[in-house]
Visitor: 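Have a look at this one.
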Amino acid sequence: MVDTYKRTSNPMMNRPVVKAELVDWMREKQTPVQGDLETVLNFAQENNIPVIPHETVVYFQMLIQLIKPKRILEIGTAIGFSALMMAQAAPECEIVTIDRNQEMIELAKDNLSKFDKRKQITLLEGDAADLLSTLDGQYDLVFMDSAKSKYVDFLPFALNLLSENGVILMDDIFQAGEILIPIMEIKRNQRALERGLRRLFDEVLNNPKFLTSILPLGDGLLMIKPNKV
């Protein structure tokens with residue numbers, strides 16, 4: 001068992017908001033990952049490591065092939081599954097991914113050394129709050145799948161790094177529906193996360209500065225794009 005994620009540490013993984021039967025149908029009917037990605041996915045599932053679910057994988061594969069990004073920034077590497085998936089979908093794309101969890105970093109390094117055959121992916125070790133201000137250039141896609149309470153703090157950096165037609169994607173924004181519950185009814189140890197997400201929603205939803213789309217994939221996916229109109 002990987003120490004970072006114990007059996008009971010991530011209850012959101014198995015609490016989909018969408019009807020469970022539909023989730024199963026989406027995951028069974030769409031083309032499964034194969035080869036190296038399947039190897040990484042199997043390890044994640046065996047060790048209760050949260051990676052993006054299959055319906056989100058398929059969406060990313062299509063989106064990436066449509067927007068044809070030259071550079072992708074990922075905040076939250078875990079074991080490298082999503083970075084490898086994006087590299088596979090965009091074989092000429094440069095991917096920078098950030099993580100601060102040392103156990104995940106070591107597992108990601110091992111996976112990238114074995115499966116990043118085109119050497120597309122650069123792993124930066126440390127806190128995104130410190131590293132984002134050191135990055136330069138522009139990214140066509142910024143994907144956040146890390147500390148949900150920090151999404152709103154990372155947003156200004158992501159916007160500054162975004163290319164003219166770039167998009168930002170933030171994962172797990174539903175929290176299995178807990179975003180609808182009054183904050184004082186949330187478990188105390190979850191309140192900082194919930195407050196961060198609600199600050200994010202106040203900032204970007206129904207704000208004319210942004211185009212936003214909420215997708216009921218996995219535990220909720222938020223897409224943000226600056227509104228040029």
Side-chain angles (χ1 to χ4, degrees), residues 2 4-5 7-34 37-38 40-67 72-89 95 97 99 101 104 108 141-152 154-155 158 167-181 186 190 193-194 196-198 200-201 204-205 212-225:
V2 173
T4 298
Y5 297 104
R7 290 290 178 196
T8 59
S9 67
N10 190 30
M12 301 305 173
M13 286 178 66
N14 299 308
R15 291 167 55 188
V17 174
V18 175
K19 193 174 180 180
E21 293 88 342
L22 286 174
V23 173
D24 292 340
W25 181 82
M26 285 191 290
R27 294 177 183 177
E28 291 170 4
K29 291 296 184 182
Q30 299 188 88
T31 305
V33 297
Q34 298 176 333
L37 277 182
E38 184 180 16
V40 179
L41 177 62
N42 288 341
F43 179 86
Q45 292 173 339
E46 289 165 4
N47 289 277
N48 200 42
I49 298 170
V51 296
I52 57 175
H54 191 59
E55 63 272 24
T56 307
V57 168
V58 174
Y59 175 75
F60 264 71
Q61 289 171 330
M62 177 175 285
L63 178 68
I64 287 171
Q65 291 193 35
L66 286 172
I67 66 175
I72 293 174
L73 172 62
E74 178 184 52
I75 304 171
T77 312
I79 61 173
F81 174 77
S82 52
L84 288 164
M85 177 273 296
M86 292 187 287
Q88 184 185 81
I95 299 171
T97 183
D99 210 289
N101 183 302
M104 293 295 101
L141 174 62
V142 177
F143 175 44
M144 298 188 198
D145 190 11
S146 58
K148 319 311 170 192
S149 63
K150 298 295 184 181
Y151 284 177
V152 67
F154 297 158
L155 179 63
V167 296
I168 299 169
L169 291 169
M170 299 177 174
D171 202 21
D172 299 325
I173 58 107
F174 285 166
Q175 290 299 292
E178 288 193 350
I179 58 169
L180 303 177
I181 299 174
I186 302 291
Q190 287 290 107
L193 183 156
E194 295 291 345
L197 282 176
R198 293 171 202 211
L200 172 70
F201 300 150
V204 301
L205 300 182
T212 59
S213 180
I214 298 172
L215 306 172
L217 299 172
D219 194 25
L221 191 66
L222 174 62
M223 177 181 287
I224 303 170
K225 182 175 174 54

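The structure displayed is predicted, hence computed values, not measured ones.
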Visitor: In sequence, state the C-alpha distance, the side-chain angles, and the governing distance for Ile49 and Met104, and then conclude on side chain to side chain contact (heavy atoms under 4.5 Å, CB included).
Guide: CA-CA 9 Å; Ile49 298 170; Met104 293 295 101; 4.2 Å; yes
Visitor: Run the side chain to side chain contact (heavy atoms under 4.5 Å, CB included) test against Thr212 and tell me which residues pass, sequence neighbours left out.
Guide: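 Result, side chain to side chain contact (heavy atoms under 4.5 Å, CB included) vs Thr212: Val204, Leu205, Phe210, Leu222, Ile224.
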Visitor: If you look at every heavy atom in Phe154 and Ile75, which pair is closest and at what distance?
Guide: CE1-CG2, 3.9 Å
Visitor: Asn42: which residues meet the side chain to side chain contact (heavy atoms under 4.5 Å, CB included) condition with it, sequence neighbours left out?
Guide: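 Listed in chain order: Glu38, Gln45, Glu46.
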Visitor: Keeping the roles fixed (side chain from Tyr151, backbone from Leu200), state whether a donor-acceptor pair exists under 3.5 Å.
Guide: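 The answer is no, because no donor-acceptor pair under 3.5 Å joins these two groups.
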Visitor: How would you list, by chain and number, every residue that makes a side chain to side chain donor-acceptor pair (under 3.5 Å) with Ser82, sequence neighbours excluded?
Guide: Glu74
Visitor: Can any side-chain N or O of Asp99 pair as donor or acceptor with the backbone N or O of Asn101 at less than 3.5 Å?
Guide: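 Side chain of Asp99 to backbone of Asn101, a donor-acceptor pair under 3.5 Å: yes, one is there.
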Visitor: Ignoring hydrogens, what is the shortest heavy-atom contact between Leu221 and Ile173? Give both atom names and the distance.
Guide: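 Looking at all heavy atoms of both residues, the shortest contact is N-CG1, 4.0 Å.
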Visitor: On a heavy-atom basis, which atom in Ala78 and which in Pro50 lie closest, and how many Å separate them?
Guide: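 Here Ala78 and Pro50 meet closest at CB-O, 4.5 Å.
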Visitor: Please name the pair of heavy atoms, one in Ala108 and one in Gly80, separated by the smallest distance, quoted to 0.1 Å.
Guide: CB-N, 4.1 Å
Visitor: Under 3.5 Å, which donor-acceptor pairs do the side chains of residues 59-67 form with other protein atoms, sequence neighbours left out?
Guide:
none

Visitor: So which atom in Ile79 and which in Ala44 form the shortest heavy-atom distance, rounded to 0.1 Å?
Guide: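 Residues Ile79 and Ala44, closest heavy atoms: CD1-CB, 3.8 Å.
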Visitor: Suppose we screen for side chain to side chain contact (heavy atoms under 4.5 Å, CB included). Which residues come up paired with Lys29, at least two apart in sequence or across chains?
Guide: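 In terms of side chain to side chain contact (heavy atoms under 4.5 Å, CB included), with neighbours along the sequence ignored, Lys29 is linked to Trp25.
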Visitor: Would you say the side chain of Glu178 lies within less than 4.5 Å of the side chain of Ile186, judging by non-hydrogen atoms?
Guide: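 Yes, side chains in contact.
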Visitor: Applying side chain to side chain contact (heavy atoms under 4.5 Å, CB included), can you list everything that pairs with Pro216, at least two apart in sequence or on another chain?
Guide: Val18, Phe174
Visitor: Output all residues satisfying salt bridge (Lys or Arg N to Asp or Glu O under 4.0 Å) with Asp172, sequence neighbours left out; order by chain, then residue number.
Guide: Lys148
Visitor: What distance do Leu84 atom CG and Leu41 atom CG have between them, rounded to the nearest 0.5 Å?
Guide: 11.5 Å
Visitor: Does the side chain to side chain contact (heavy atoms under 4.5 Å, CB included) test come out yes or no for Gln30 and His54, once each step is laid out?
Guide: CA-CA 8 Å; Gln30 299 188 88; His54 191 59; 4.1 Å; yes
Visitor: Return the CD to OG distance between Gln190 and Ser149, rounded to the nearest 0.5 Å.
Guide: 10.0 Å
Visitor: Look at the side chain of Asp145 and the backbone N and O of Gly76, then say whether any donor-acceptor pair between them is shorter than 3.5 Å.
Guide: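 No; zero donor-acceptor contacts below 3.5 Å.
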Visitor: Taking all non-hydrogen atoms of both residues, which atom of Ala158 and which atom of Val142 are closest, and how far apart?
Guide: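 Of all heavy-atom pairs spanning Ala158 and Val142, the closest is CB-CG1, 4.0 Å.
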Visitor: Nearest 0.5 Å, what's the OG1-CE distance between Thr56 and Met85?
Guide: 8.5 Å
Visitor: Taking side chain as C-beta onward, heavy atoms only, is Val23 less than 4.5 Å from Arg27?
Guide: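 The answer is yes; the side chains approach within 4.5 Å.
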Visitor: Measure the NZ-OG distance between Lys225 and Ser213 for me, rounded to the nearest 0.5 Å.
Guide: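 Between Lys225 NZ and Ser213 OG, I get 13.0 Å after rounding to 0.5 Å.
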Visitor: Going through the checks in order, is the side chain to side chain contact (heavy atoms under 4.5 Å, CB included) test met by Gln88 and Leu37?
Guide: CA-CA 9 Å; Gln88 184 185 81; Leu37 277 182; 3.3 Å; yes
Visitor: Going by the rule side chain to side chain donor-acceptor pair (under 3.5 Å), which residues pair with Thr77 if we only count those two or more places apart in sequence or in a different chain?
Guide: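 For Thr77, the residues satisfying side chain to side chain donor-acceptor pair (under 3.5 Å) (neighbours in sequence not counted) are Thr97.
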Visitor: Hey, mind stepping through Met170 and Phe143 against side chain to side chain contact (heavy atoms under 4.5 Å, CB included) and telling me if it holds?
Guide: CA-CA 6 Å; Met170 299 177 174; Phe143 175 44; over 6 Å; no
Visitor: Would you indicate whether the side-chain heavy atoms of Gln175 and Leu197 approach each other to under 4.5 Å?
Guide: yes
Visitor: How long is the straight-line distance from CG of Leu215 back to CE of Met223, given to the nearest 0.5 Å?
Guide: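 Spacing of CE (Met223) from CG (Leu215) equals 6.0 Å.
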